[in-house]
2 protein chains.
Amino acid sequence: MKKINIHIADDHKIMIDGIKAVLKTDSSIQVVGESLNGIQVIDWYKTNTSDVLILDINMPELDGLDVLRGLKGKKRSPKIIVLSSYDDIKLIREVLKMGASGFLAKNCAGESIIEAIKTVFSGEQYFSESVKKRIYSDFTGQPSGVDVVPEGTFYNELTNRETDVLRLIANEMSSKAIALALSISVNTVETHRKNLIKKLNVKNVVGLALYAVKHNIV
Amino acid sequence: MKKINIHIADDHKIMIDGIKAVLKTDSSIQVVGESLNGIQVIDWYKTNTSDVLILDINMPELDGLDVLRGLKGKKRSPKIIVLSSYDDIKLIREVLKMGASGFLAKNCAGESIIEAIKTVFSGEQYFSESVKKRIYSDFTGQPSGVDVVPEGTFYNELTNRETDVLRLIANEMSSKAIALALSISVNTVETHRKNLIKKLNVKNVVGLALYAVKHNIV
DNA sequence: TACAGGCTAACGGTTTTCCGTGATATAAAA
DNA sequence: TTTTATATCACGGAAAACCGTTAGCCTGTA
């Protein structure tokens, strides 16, 4: 029988090794690739492919959202299971919209990752327990489907790119360093920075950093 | 042969399961307990014991540092290996001072955790590669062995005035504004700022702001 | 198709931060 | 009493942040 091929992306090597060890217990699954940041993932899928991608959201360079964007629409693109420390409802909605098939909060059990892989491989969606609860309570709590948070205090207010830049700023990186990391011009980074300061109505980088902390963008 | 007993503490269940899976590959090690936050760890050690404790620093309720403090000096206390996303030199020094025997950055490989367990169990200290580098570069950076940061104990290292300045910085104020607020010279504020950056081992104001948030100075 | 939103980029100029280095005064501790 | 810690201030130069403004390109949608 053909095995299910997996690629794992997480910035913590020890996490990757842990997941690999868990997956080794199931003979129908094999890990064929791994990445420590978003750039590596995108690169890998240029010349390789897998059935399923386990994708951490918080990664340096390019994060999970960037990767989703990068892989979206590509032919022979893998089913994607998003891994995240935070099971924010807006984040969940966002990644599903961007083509993810599953969402695992990191507080889920190890075996559930095997379950998740098999489920999304078969074409269905998979959510870990706490994520399911979030979705249900969001559903019952806001029956109209109208956003309670009008101006998307988290994922709507800022564009994806702005969030990228903000995260790196909150990582103590200078504009120059950010430009290098994202492979864009310093001018562009500064533009994003200016827009962020204006949008979030803060005075300087410190305000940006505080916002980032408050909204778990760090 | 007697096996080495391990307790694992991490707020991410999936991380615990991953580590467990890795450790299962070595027959001389067995996991006898696990915790999802600091309170559970402390509770567990009231009625149980293990040879080694794998301790994540970032946990809700009580974090790793609190646990170290709580277990310190207890008889039959385990050897402790600290797991952390950040390999900050001050944090490393701090946890060692508080009785930890090893320090693993989460970017280390999975097998190194087995190596770490055996090493600390035998009574020696263990550090993952990136941590070793940090320690060496810190050492060579200050050749005399004299601390540039005198008794910077990570928590109470700031003087009153420095705390004042830090608070205002974290309030998005510029040096000029701070000077006005405190009725001192801009030069003085800048000196404090420099000392803060050096003391707290951060790169820039952003680092200062994050520190301020983390320690409720804001 | 036209329009809006998002990403990219540039330029010139001002302000602020960052860094090293050195110095003085005072009060507490060894 | 000598040492140490704290708080104060100064200068000069490099780097980075901040500000306003403009503009081309692409994509999704009305």
Side-chain angles (χ1 to χ4, degrees), chain A residues 62-63 65-66 68-70 72-74 94 97-99 151-152 155-212, chain B residues 141-142 146-153 156-211:
Chain A
L62 292 178
D63 70 6
L65 294 175
D66 294 318
L68 277 168
R69 210 170 299 119
K72 197 177 180 182
K74 289 270 169 64
E94 178 78 4
K97 198 183 295 175
M98 292 172 79
E151 282 310 306
Y155 274 97
N156 252 346
E157 186 158 20
L158 299 186
T159 68
N160 293 310
R161 206 47 161 171
E162 283 168 347
T163 308
D164 288 341
V165 172
L166 177 55
R167 181 180 311 107
L168 298 183
I169 287 175
N171 250 39
E172 301 183 38
M173 287 169 71
S174 70
S175 292
K176 202 200 273 182
I178 295 172
L180 275 172
L182 298 181
S183 301
I184 56 178
S185 143
V186 176
N187 294 310
T188 305
V189 177
E190 300 252 284
T191 299
H192 284 311
R193 183 191 288 266
K194 274 178 286 189
N195 293 336
L196 281 166
I197 290 180
K198 204 177 282 177
K199 260 194 188 180
L200 301 179
N201 196 31
V202 297
K203 289 207 186 80
N204 52 35
V205 259
V206 171
L208 293 182
L210 298 182
Y211 178 93
Chain B
Q142 281 86 52
V146 178
D147 264 356
V148 168
V149 186
E151 266 314 293
T153 353
N156 257 341
E157 52 194 330
L158 299 188
T159 68
N160 293 325
R161 207 49 162 170
E162 283 169 346
T163 308
D164 289 340
V165 173
L166 177 54
R167 183 179 307 110
L168 298 182
I169 286 176
N171 250 43
E172 302 183 38
M173 288 170 70
S174 71
S175 292
K176 201 199 272 181
I178 295 172
L180 274 172
L182 298 179
S183 302
I184 56 179
S185 144
V186 176
N187 295 310
T188 305
V189 177
E190 301 254 283
T191 299
H192 285 309
R193 183 191 287 266
K194 274 178 288 190
N195 292 336
L196 282 166
I197 289 179
K198 205 179 279 180
K199 265 194 183 179
L200 302 180
N201 196 31
V202 297
K203 290 209 187 83
N204 51 36
V205 257
V206 171
L208 293 182
L210 298 182
Y211 179 93

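Every chain is numbered from 1, with letters handed out A, B, ... down the list of sequences.
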Notebook entry, point to check: Roughly, in whole Å, what's the span from CD in Glu172(A) to P in dA16(D)?
Noted result: 14 Å
Checklist line | For the student: nearest non-hydrogen atoms of Ser174(B) and Arg193(B), plus distance | finding: C-NH2, 4.2 Å
Checklist line | Heavy-atom pair of closest approach, residues Arg161(B) and Leu182(B) | finding: NH2-O, 3.7 Å
Check: Between Ser175(B) and dT17(C), is there a side-chain N or O to OP1/OP2 distance below 4.0 Å?
Finding: yes
Item checked: Donor-acceptor under 3.5 Å (Asn204(A) side chain, Val206(A) main chain) -> yes
Next item on the list: Using a 4.0 Å heavy-atom cut-off across all strands, classify Val186(B) as base, sugar-phosphate, or nothing.
Entry: nothing
Next item on the list: Select from Arg193(A) and Ser185(B) the residue whose nearest nucleotide in DNA chain D is closer to the 5' end of that strand.
Entry: Ser185(B)
Note to self: Tell me the interatomic distance from Asn195(B), atom CG, to dT17(C), atom C1', rounded to whole angstroms.
What the structure shows: 15 Å
Margin query: Whether Thr159(A) contacts dC7(C) is assessed here as follows: a side-chain N or O lying under 4.0 Å from the phosphate OP1 or OP2. Is that the case?
Written below: yes
Margin query: With a 4.0 Å cutoff (strictly under), does any side-chain N or O of His192(B) reach OP1 or OP2 of dT8(D)?
Written below: yes
Notebook entry, point to check: Counting just side-chain N and O atoms, does Lys176(B) come under 4.0 Å of either OP1 or OP2 of dT16(C)?
Noted result: yes
Next item on the list: Consider the side chain of Lys194(A), meaning its heavy atoms from C-beta on, and name the nucleotide among dA17(D), dC11(C), dA10(D) that approaches it most closely.
Entry: dC11(C)
Margin query: Within the 4.0 Å heavy-atom criterion, would you say Thr188(A) contacts the bases, only the backbone, or no part of the nucleic acid?
Written below: base
Notebook entry, point to check: Any side-chain N or O of Asn187(A) less than 4.0 Å from the OP1 or OP2 oxygen of dA9(C)?
Noted result: no
Check: Considering only heavy atoms and no angle criterion, is a donor-acceptor pair shorter than 3.5 Å present between the side chain of Glu190(B) and the base of dC18(C)?
Finding: yes
Item checked: For the student: nearest non-hydrogen atoms of Val186(A) and Ser175(A), plus distance -> CG1-CB, 4.3 Å
